[in-house]
Amino acid sequence: VVEDCAQAQGAYVGEDPVGSLGAVGCFSFYPTKNLGAIGDGGAVVGSEELVEKVRQLRTYGWTEPQYAEIENGRCSRLDELQAAYLNIRLGVLADAVSARQRVAKRYLEELADLPFDLPRVRQGNTHAYHLFVIKTDRRDELRQHLAAAEIGTGLHYPFPAHKQPGLAANSRTSVALATTEMLQSKILSLPLFASITDDEVSAVVEAVRGFFGR
Ligand SMILES: Cc1ncc(COP(=O)(O)O)c(C=O)c1O
């Protein structure tokens with residue numbers, strides 16, 4: 001199992017942090033992520049053997065200096081400046097995730113009675129709330145309503161991967177992904193970031209409630 005933890009730094013399944021569950025876990029340090037760099041970056045976690053292979057692949061497939069033995073090697077090192085910055089950010093990751101969870105708690109409580117689906121978390125697990133995605137049949141109308149109130153929202157993502165021409169060629173799905181396609185028109189990410197203020201959260205709640213006449 002390859003875990004895609006790109007959005008999930010700081011999330012747990014029971015006592016286990018994401019990335020520790022599968023054979024390999026892949027993290028993204030894209031700047032907007034919970035643990036974001038000041039440029040692109042990422043990390044792979046797994047067994048020592050697997051990680052050693054990844055180390056070789058990220059440096060041209062070298063098994064020894066300047067000897068490319070492994071196919072599909074590339075130049076994909078995390079540069080030192082990013083690593084230094086991420087080391088500092090790692091120290092405040094738990095606080096940043098807690099801040100996101102506090103915002104999510106407000107949305108979950110203050111929007112609970114509205115006619116749409118809120119994110120759900122299985123008992124015993126913790127959500128890192130990189131995104132706060134609701135599902136509604138009135139997604140586009142709600143999005144416009146919020147935009148008119150100068151509240152930005154996001155679509156994560158507007159097109160499923162298997163429907164994107166540049167990716168479809170490598171897509172290995174032989175079946176229709178009906179659930180993915182159905183969700184594509186319903187998902188909406190509400191504003192959520194560690195430094196959002198209480199007043200900003202209140203403004204989002206008020207605008208969303210206003211849209212549904214509550
Ligand atoms: C769920 C998920 N997987 C993978 C990626 C890719 O991460 P990166 O851009 O660091 O390669 C992203 C980035 O947005 C993501 O959200």
Side-chain angles (χ1 to χ4, degrees), residues 1-13 16-46 50-51 53-61 72-90 93 96-97 100-101 103-104 117-122 125-135 139 143 152-173 177 179-194 196:
V1 173
V2 176
E3 275 182 79
D4 180 349
C5 323
Q7 301 190 354
Q9 294 99 332
Y12 285 78
V13 177
D16 300 319
V18 295
S20 67
L21 307 161
V24 53
C26 304
F27 291 92
S28 170
F29 301 143
Y30 182 74
T32 61
K33 295 290 195 280
N34 288 7
L35 179 60
I38 38 175
D40 276 302
V44 173
V45 297
L50 200 139
V51 166
K53 178 97 184 265
V54 173
R55 276 194 198 107
Q56 293 168 341
L57 286 169
R58 74 171 183 193
T59 312
Y60 318 113
N72 299 316
R74 61 193 65 200
C75 178
S76 187
R77 293 172 297 245
L78 184 69
D79 76 61
E80 282 80 356
L81 278 179
Q82 300 299 344
Y85 180 78
L86 286 163
N87 263 335
I88 295 167
R89 296 270 308 149
L90 192 54
L93 174 63
V97 170
R100 287 172 178 274
Q101 288 167 339
V103 177
D117 288 336
L118 290 161
R120 274 177 290 176
V121 186
R122 246 181 238 168
N125 297 348
T126 51
H127 197 315
Y129 291 110
H130 167 59
L131 299 173
F132 191 93
V133 182
I134 64 167
K135 284 174 255 159
R139 193 269 308 279
R143 190 164 200 229
T153 52
L155 303 182
H156 299 94
Y157 294 91
F159 305 102
H162 69 288
K163 290 274 182 178
Q164 301 187 30
L167 302 175
N170 287 322
S171 153
R172 277 172 286 165
T173 52
L177 299 178
T179 305
T180 302
E181 288 170 25
M182 177 272 290
L183 288 174
Q184 178 202 343
S185 63
K186 296 181 191 293
I187 50 173
L188 185 69
S189 303
L190 297 185
L192 195 158
F193 43 94
I196 192 168

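Positions are given from 1, in the same order as the sequence printed here. Ligands are counted one by one from 1 in listed order, and the atoms in each one are counted from 1 as well.
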Decide side chain to side chain contact (heavy atoms under 4.5 Å, CB included) for L188 and L155; before the verdict, give the C-alpha distance in whole Å, the side-chain angles of both, and the deciding distance to 0.1 Å.
-> CA-CA 5 Å; L188 185 69; L155 303 182; 3.9 Å; yes
Below 3.5 Å only, please: the N or O atoms of ligand 1 paired with protein N or O atoms, distance on each line.
residue  : atom   : partner : partner atom : Å
ligand 1 : 3 (N)  : D4      : OD1          : 3.0
ligand 1 : 3 (N)  : D4      : OD2          : 2.7
ligand 1 : 7 (O)  : S28     : OG           : 3.4
ligand 1 : 10 (O) : S28     : OG           : 2.6
ligand 1 : 14 (O) : K33     : NZ           : 2.7
ligand 1 : 14 (O) : Y157    : OH           : 3.2
ligand 1 : 16 (O) : Q7      : NE2          : 2.8
ligand 1 : 16 (O) : Y157    : OH           : 2.7

Non-neighbouring partners of Y30 that pass side chain to side chain contact (heavy atoms under 4.5 Å, CB included), sequence neighbours left out =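 With neighbours one apart ignored, the set is S28, T32, K33, D40.
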Beyond-backbone contact of L35 with F29, side-chain heavy atoms, under 4.5 angstrom =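 Yes - at least one pair of side-chain heavy atoms lies under 4.5 Å apart.
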Starting at CE of M182, measure out to CD1 of I187 and round the result to the nearest 0.5 Å.
->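 It is 10.5 Å, given to the nearest 0.5 Å.
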Flag, side chain of Q184 to backbone of P158, donor-acceptor distance under 3.5 Å |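 A pair under 3.5 Å: yes.
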Shortest non-hydrogen separation from F27 to C5 and the atoms involved |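 In this case the closest contact between F27 and C5 is CE2-CB, 3.5 Å.
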